[in-house]
Amino acid sequence: MVKSLESTGILEKLREICLSMPEAIEHIDGFGHNTFKINGKSFVISGENEKGFSLSFKSDRETQEILLQKEHFYKTPYIGQHGWVSIQNPAEENWDELKDLIQEAYLRAAPKRLVKQWNEIHKR
């Protein structure tokens, strides 16, 4: 599938956020999704379909419930029961919140030593 210019820009922004975190890697899975992982565990999955660009991230049930009450978020198909949340075609105004949610997703998947390192750097 040919990526649209808009989707390419969203993917670049997503890469910038995800790959800035210690030891995070990008992997293209068997479905052609850009999957961002830490220590073999996915924390963000993105892809493109007929509706445009979709971005999914690992969350907890409490955060998931809060996000699902907002207009743009929906439960990720197939893995939503594990707390994953998605957003379709994130707009410019979504990115401050998305950056925080992506960082939280990373911390949920990261090994304890990286979480500790992250918290020390960011004084959490």
Evaluate the side-chain proximity of Leu55 to Ser86: yes if any heavy-atom separation is below 4.5 Å, no if none is. no
Please report the closest heavy-atom contact between Thr76 and Val85, naming both atoms and the distance. OG1-C, 3.1 Å
Mind listing the closest non-hydrogen atom pair of Thr35 and Ser42 along with its distance? CG2-OG, 3.3 Å
Side chain to side chain contact (heavy atoms under 4.5 Å, CB included) with Lys41: which residues, sequence neighbours excluded? Ala109
Sequence-distant partners of Tyr78, side chain to side chain contact (heavy atoms under 4.5 Å, CB included), two or more places apart: none
Taking ILVMFWY side chains as joined if any heavy atoms are under 4.5 angstrom apart, and letting links pass through other members, which residues group with Ile45? Ile79, Trp84
Atom NE2 in His27, atom CG in Asn34: separation rounded to 0.5 Å? 10.0 Å
Polar side-chain atom of Asn39 near backbone of Pro111 as donor-acceptor pair, under 3.5 Å: no
Check whether Gln64 reaches the backbone of Gly80 with its side chain - one donor and one acceptor, N or O, closer than 3.5 Å. yes
For [X], what residues pass the salt bridge (Lys or Arg N to Asp or Glu O under 4.0 Å) criterion, not counting sequence neighbours?
X: Glu16; result: none
X: Asp29; result: none
X: Arg113; result: Glu23

Can we say Glu120 and Lys116 salt-bridge, meaning some charged N sits less than 4.0 Å from an Asp/Glu carboxylate O? yes
Any salt bridge linking Lys70 with Glu97? Criterion: basic side-chain nitrogen under 4.0 Å from a carboxylate oxygen. yes
